[in-house]
Every structure is written in C-alpha cells, then in structure tokens.
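Values below: all heavy atoms of this structure, side chains included; hydrogens, waters and symmetry mates excluded.
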Amino acid sequence: AQKVTQAQTEISVVEKEDVTLDCVYETRDTTYYLFWYKQPPSGELVFLIRRNSFDEQNEISGRYSWNFQKSTSSFNFTITASQVVDSAVYFCAVIKAAGNKLTFGGGTRVLVKP
Amino acid sequence: GAVVSQHPSRVICKSGTSVKIECRSLDFQATTMFWYRQFPKQSLMLMATSNEGSKATYEQGVEKDKFLINHASLTLSTLTVTSAHPEDSSFYICSARGASGRLSYNEQFFGPGTRLTVL
C-alpha cells in the first residue's frame, strides 16, 4: 500500500513571499510516479507536474519548482514570489508504474494575502 | 492535452432520489475511468475503478449497490447515486486513463467535478 503525507494543512503568506509545500511518500514499489495537483476554489484539479522515480532531476517551471529527494522519499514543491491567484489547495500523489490507484495526500491549503 | 468533461457540474436533489453523473473523455478513448469522492476540506478518495465493458471494482467501504457505475463505451462512464441521502452530499470527480499510444499509459486526466447536494 502507498501513503502520502502532507504535513502542512494550511499555509498563509503575504504576496511575493516564497512558499514551500512538503510531501513525503511511502511505497514499496521501485518504479512509481509522483504528481502535484492544484485545486482552486472552483474544484477542478489542475495538473502541475509528474515525475517518475528514476528521474531525480529537480525541475523549474516559471515560479514553480520541485525538489525530488528519493533518499528521503520527499517531493517538495516551492512557489516563488507567490501571487493571490496561487491561493488553492495543493495535492501530492503517488501511483506505482503499472498500477491503477492514485493515492493522494491530505492536501495543503495555501492562502496568499495581498 | 486530453479533456474530460462531467455533467452536471452541480446538482441538488431531494433525499431518496437517484442522481446520475456522466464522465466523458472528449478527445481520447478511455479504457479505464476512476471515480473519486471529496468531502469538504478533505482529500480525494478513490471510490471505484471501471474498465470499459466490465464490472467496476469498488474500494473497501464503498457500497456497490448504492453507487452504480457503468462504463458502456470507451468515452463514457456514469455514476448513479441511488436513493441519495444528505450524507452523500459531496464533490464527485472522475478521471480517465487512455490506452497506450498517444497518451502515457498511466496518466489520469481529471474531469471538473460534480457537486452533489442532497436535501
């Protein structure tokens, strides 16, 4: 069985501050995929990134960056220079390579104040 | 990218009635579709997995007679909440996974969700 822990339930920052969301996962599989999704108030899940277990290269996409540390089973997500539009719930998830079940973390609510 | 739609986006019904929610893959064939439920301020919980042409596989604790799932075609899955009660009020989200080929085999594409309120 897999498990994803997002220890921070809610983070509040002021616009332009950086915010880092923690994600720790547990899996017995050697090949798996990790995801981050954004869920704005409208409810629709917005895909942000997928990373496979063999690719530990960190990634930057605009103001978003991800730090994958396989040794500590962590896949942290940083928003640089946060904006009010970043206010949402962010979910980390894991699925084994040939699996069906996408396991989500509990989510972290980010509130960016102007 | 692949697009998944859900209909309706919002539904309010009386207790005891049945509600059908549709999930459609618009530009790809979905061999597998998934139904999730999300209660307020909680995470998404997988309810069931359906493969086209076969019976759905339900997660532990999900009543298959209450949540009827039909995946009759490669582009449509339906979830029917039978005899809905207020505790069934939730946000229901579907996702679809395509066959190998153009889309990554394990990629799930999510619909926009359906908010069900049972009075």
Side-chain angles (χ1 to χ4, degrees), chain A residues 1-11 21-25 27 29-55 61 87-111, chain B residues 1-11 21 23 30-52 54 56-60 62 71 89-98 100 103-117:
Chain A
Q2 295 155 328
K3 183 179 177 181
V4 177
T5 302
Q6 294 180 252
Q8 307 139 308
T9 55
E10 188 164 323
I11 301 175
L21 310 181
D22 297 333
C23 172
V24 175
Y25 62 92
T27 180
D29 301 292
T30 54
T31 306
Y32 51 89
Y33 293 94
L34 297 164
F35 298 83
W36 274 96
Y37 293 92
K38 174 183 180 180
Q39 188 177 42
S42 62
E44 184 167 1
L45 277 181
V46 177
F47 166 82
L48 296 178
I49 191 171
R50 181 183 69 172
R51 171 68 75 234
N52 75 54
S53 53
F54 292 108
D55 182 2
S61 176
S87 296
V89 180
Y90 292 84
F91 291 98
C92 179
V94 64
I95 188 170
K96 65 180 182 181
N100 266 339
K101 188 171 181 178
L102 189 59
T103 300
F104 286 87
T108 298
R109 183 176 301 273
V110 174
L111 177 60
Chain B
V3 180
V4 176
S5 71
Q6 274 185 249
H7 178 80
S9 58
R10 186 182 295 268
V11 58
I21 302 170
C23 176
T31 52
T32 306
M33 287 187 169
F34 305 85
W35 288 95
Y36 295 84
R37 179 168 54 182
Q38 184 182 28
F39 291 110
K41 296 193 176 183
Q42 293 188 24
S43 188
L44 284 78
M45 297 301 295
L46 180 66
M47 299 174 66
T49 301
S50 73
N51 292 297
E52 185 264 339
S54 61
T57 303
Y58 290 81
E59 295 298 302
Q60 194 171 10
V62 178
H71 191 165
S89 298
S90 187
F91 192 55
Y92 291 88
I93 305 174
C94 74
S95 70
R97 185 176 73 191
S100 60
L103 300 173
S104 169
Y105 174 71
N106 220 3
E107 189 82 48
Q108 289 186 31
F109 299 92
F110 286 86
T114 297
R115 194 165 301 281
L116 170 64
T117 303

Worksheet, complete the sentence: Comparing A:Gly43, A:Ser42, A:Gly107 against chain B, the one with the most heavy-atom pairs below 4.5 Å turns out to be A:Gly43

Fill in: Interface residue of largest heavy-atom contact number with chain A, from B:Lys41, B:Gln38, B:Gln42, B:Met45, under 4.5 Å
B:Gln38

Item to complete: Please answer whether the main-chain N or O of A:Leu111 pairs with a side-chain N or O of A:Ser87 as donor and acceptor at a distance below 3.5 Å.
Response: no

Discussion item. Quick check on B:Leu46 against chain A: is it the side chain, the backbone, both or neither that has a heavy atom closer than 4.5 Å?
Written reply: side chain

Fill in: Donor-acceptor contact below 3.5 Å, side chain A:Thr108 vs main chain A:Leu21
no

Worksheet item: Excluding sequence neighbours, so at least two apart, what forms ring-ring contact (aromatic ring centres under 6.0 Å, His included) with A:Phe104?
Response: A:Tyr37, B:Tyr36

Discussion item. Between B:His7 (side chain only) and B:Thr114 (backbone N and O only), is there a donor and an acceptor less than 3.5 Å apart?
Written reply: no

Practice prompt. Side chain from CB out, backbone as N, CA, C, O: work out which of these in B:Gln6 comes under 4.5 Å of a heavy atom of chain A, or both, or neither.
Written response: neither

Worksheet item: Contact part of A:Gln6 toward chain B, heavy-atom cut-off under 4.5 Å: side chain, backbone, both or neither?
Response: neither

Worksheet entry | Contacts of type ring-ring contact (aromatic ring centres under 6.0 Å, His included), residue B:Phe34, not counting sequence neighbours | none

